[in-house]
Amino acid sequence: MRRPIWCPSWCFLFLAFTRNGVSLTSAWGWKRSIGASQRSNLLITSESDTSLSLTKSDHLPRGGAVLNETSLNDAGKVAVEDPAENRGPLRVLFLSADTGGGHRASAESLAKQFLIHYPGSNYELLDIWTPCGVYPYRTLVPSYQHLSASPKQWRVLYHASNTLPWEILMDLHSTFLCEKGIRKRIAEYDPDVIVSVHPAMNYAPMRSAQKLSKLYGKHIPFFTVVTDLGSGHATWFQKNVDKLYLASERLYRLAKRRGGTPDDRIVMTGLPIRHDFTVQADLLGRDRYSAFGKEYQKQVRLKLLPGVDPEKPVILLMGGGEGVGALSEIVDELYTTLVLKGVDATICVICGRNEKLKDSLNNRDWSSVSEKLAAGNRNKRRKKRSRWFGKRPPLQPIVKNEQSGKVDVIGLGFLTNIAEYMVASTILLSKAGPGTIAEAASVGLPILMTSFLPGQEAGNVDFAVEKGFGEYCDEPVYIAEIVSQWLEQPDLIREMSQKAHAVGHPEAASEIVQDIGSITHTWKVLNKQA
Ligand code: UDP
């Protein structure tokens, strides 16, 4: 098998720079040309006008189509003969890969909105690297699966690749070697619009879209929807995208600093989550502690957990799409602490594709687990090295309640109705995945984050903690203590829930798609005129 060597990348670098017609110095300048940060142009989706109007930077010729003053009517909008055209179906190409479950979930949530707002649309989800890439790019998915299970290796790779020289090198190297193949795949689908929901799918495919636009004499708009929350890899942020959709101020600052993306191409919105969450948030009345919300939650509990007392709080444990994390240990500690403290609860564990864990939880002898753990010293089971936000004091021995708590443990496989389970729950325990955090916020669910992937997920922890609906703890014994304390303070949980509701943005996917659809239709009109 022929494997291009990484080290002599200087040759590639030279060739790539020559091929791409830019000098090394101008590339540095390109990355650094951030400009004065004028936030006045910044669009906030919820307030933005999603009609057929483009921003100043769109008044540039793109692939044959031109937006100039003559294209605009008196209202400053593109003149369209048949208004029905604006709602016509679109061919949408999503760029994503199964590195974690979040990118696919976001693409699917956007796809669903295209079908709602632009009926008859069709879409394809393309992982450009697996079919069109050379080594090492084509191994993106298996490499991620391996590295995400080894956080130390992942941390080194993430931080090394998140530097400017690496970014430039990789952008040019991958474009030089793979852009032609990517362009061919894009041309085969012949999209009206390309939407990237993956950090590794921006630079090279954007160049392909530009080349195809020139070739066909029509502009194919390229949008990036960032599916991270608190931090993001530099490769997310490109300067020349049609629009860049961001879910937090933290990402906005990164986009300005790392991508130099102009304000009028940045749209502040929420993270796109599945339509189910919009439906469930509405059914909860956007307040899970209102009488209406509580009644709906009870109905959902009766439906999902038949035979379980619907008045008991539900603790939902998720390990991400792949079911990773020290779930088993956490459940053991949680069960023991709640039983000893006399707190009734139902523990639902989403094991993802980890069937072994699911079977083990459903068949575990829980009384012997709690007897064994209760006999030991909790502090001896604490981790020596923990990623605390400050040091926590030693745990006090549990004061055993006269009446043991009635605790049920239910192991579940991969679920497609996570939104309902989140509605049924009182507290979520999860790794700090951006999708999961945004989903929890949308239905007002407080979250205790139990692990994070170094690099892109560290900022998610800060985001949830700063916004007041989350806390971080990676020690199973302490996790159990925190959860039991929260359950003993309903007012605290309620306050966290309200803060989560305030941050949640269940309509984000719909707003993003209406914006993208509107701009794409505008370009379709201009492309026809060209
Ligand atoms: N998920 C799901 N069913 C499951 C477990 C997880 O649909 O049984 C979804 C979850 O709702 C979320 C996604 O998988 O949308 C995980 O995405 P996140 O961004 O939180 O983490 P990632 O897996 O991408 O690292």
Side-chain angles (χ1 to χ4, degrees), residues 50-52 62-65 78 80-98 101-132 141 181-198 201-202 204-206 208-213 215-225 227 241-243 245 267 269 272-279 416 435 507-528 530:
T50 54
S51 54
L52 291 185
R62 309 259 193 103
V78 174
V80 182
E81 282 164 26
D82 177 7
E85 271 185 34
N86 304 346
R87 310 224 51 83
L90 294 168
R91 283 179 72 75
V92 189
L93 183 63
F94 289 103
L95 305 181
S96 182
D98 287 330
H103 302 295
R104 180 177 283 270
S106 292
E108 282 171 356
S109 69
L110 295 169
K112 169 104 185 173
Q113 294 300 328
F114 272 105
L115 298 178
I116 293 173
H117 294 290
Y118 304 97
S121 291
N122 60 56
Y123 67 92
E124 190 176 300
L125 205 138
L126 177 67
D127 167 359
I128 52 164
W129 297 122
T130 306
C132 319
V141 174
I182 297 169
R183 200 186 328 150
K184 199 167 155 237
R185 285 300 290 251
I186 295 177
E188 274 165 16
Y189 185 68
D190 187 22
D192 292 320
V193 53
I194 303 173
V195 183
S196 166
V197 291
H198 199 283
M201 303 200 189
N202 294 295
M206 198 173 73
S208 298
Q210 285 166 349
K211 286 187 180 177
L212 286 172
S213 295
L215 192 70
Y216 296 148
K218 65 172 191 180
H219 177 60
I220 306 170
F222 188 103
F223 299 93
T224 299
V225 180
T227 60
V241 280
D242 283 73
K243 286 276 187 281
Y245 297 88
V267 183
T269 175
I273 53 175
R274 280 166 289 186
H275 185 60
D276 287 6
F277 287 90
T278 320
V279 174
T416 49
E507 297 85 9
S510 167
E511 290 172 1
I512 291 170
V513 163
Q514 287 184 67
D515 201 41
I516 289 178
S518 171
I519 295 169
T520 305
H521 273 296
T522 307
W523 279 114
K524 280 185 83 171
V525 172
L526 293 169
N527 287 336
K528 253 197 228 166

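Note that the structure is predicted; figures quoted are calculated from it, not measured.
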*Taking the side chain as C-beta and beyond, is there a heavy-atom pair between Arg185 and Ile128 under 4.5 Å?*
no
*Answer yes or no: is there a side-chain heavy-atom contact under 4.5 Å between Ile512 and Leu110?*
yes
*Nearest heavy-atom neighbours spanning Arg274 and Ala105*: CG-O, 4.2 Å
_From CA spacing to verdict: side chain to side chain contact (heavy atoms under 4.5 Å, CB included), Asp242, His219_ = CA-CA 10 Å; Asp242 283 73; His219 177 60; 2.9 Å; yes
_Glu124 side, atom CD; Ile186 side, atom CD1 - distance, nearest 0.5 Å_ = 11.0 Å
*Would you say the side chain of Pro205 lies within less than 4.5 Å of the side chain of Ile194, judging by non-hydrogen atoms?*
no
_Residues forming a side chain to side chain contact (heavy atoms under 4.5 Å, CB included) with Asn122, sequence neighbours excluded_ = Arg91, Tyr189
*Mind running side chain to side chain contact (heavy atoms under 4.5 Å, CB included) on Asp127 and Asp98 for me, showing each step along the way?*
CA-CA 8 Å; Asp127 167 359; Asp98 287 330; over 6 Å; no
*Which heavy atom in Ala107 sits nearest to a heavy atom in Phe94, and how many Å separate them?*
O-CZ, 3.8 Å
_Please evaluate residues Ile273 and Ser109 with respect to the criterion side chain to side chain contact (heavy atoms under 4.5 Å, CB included), reporting the C-alpha separation (whole Å), side-chain torsions for both, the decisive distance (0.1 Å), and the verdict._
CA-CA 6 Å; Ile273 53 175; Ser109 69; 5.6 Å; no
_Between the side chains of Glu108 and Lys112, is the shortest nitrogen-to-carboxylate-oxygen separation below 4.0 Å, so that they form an ion pair?_
no
*Would you name the heavy atoms of Ser106 and Pro272 that are closest together and state the gap between them?*
OG-O, 3.4 Å
*Ile220 side, atom CD1; Leu212 side, atom CG - distance, nearest 0.5 Å*: 5.0 Å
_Checking Thr278 now: which residues fulfil side chain to side chain contact (heavy atoms under 4.5 Å, CB included) with it, not counting sequence neighbours?_
His275, Asp282, Arg286, Pro506, Glu507
*Describe, in one word, how the ring planes of His521 and Tyr118 are oriented to each other, choosing from parallel (under 30°), tilted (30 to 60°) and perpendicular (over 60°).*
tilted
*Any side-chain heavy-atom pair from Trp129 and Ile182 closer than 4.5 angstrom?*
yes
_Short side-chain to backbone donor-acceptor contact, His198 and Leu95, under 3.5 Å_ = no
*Could you grab the distance from atom CZ of Phe222 to atom OG of Ser208, nearest 0.5 Å is fine?*
8.5 Å
*asked:* If you define the side chain from C-beta out and look only at heavy atoms, does anything of Asp515 sit under 4.5 Å from Phe223?
replied: no
*Taking C-beta and beyond as the side chain, do Ile516 and Tyr245 meet within less than 4.5 Å on heavy atoms?*
yes
*Do Ser510 and Gln514 get their side chains close enough for a donor-acceptor pair, meaning under 3.5 Å?*
yes
*Hey, are the side chains of Asp192 and Lys524 touching, using non-hydrogen atoms and a 4.5 Å cut-off?*
yes
_Short side-chain donor-acceptor distance under 3.5 Å, Ser196 and Asn202_ = yes
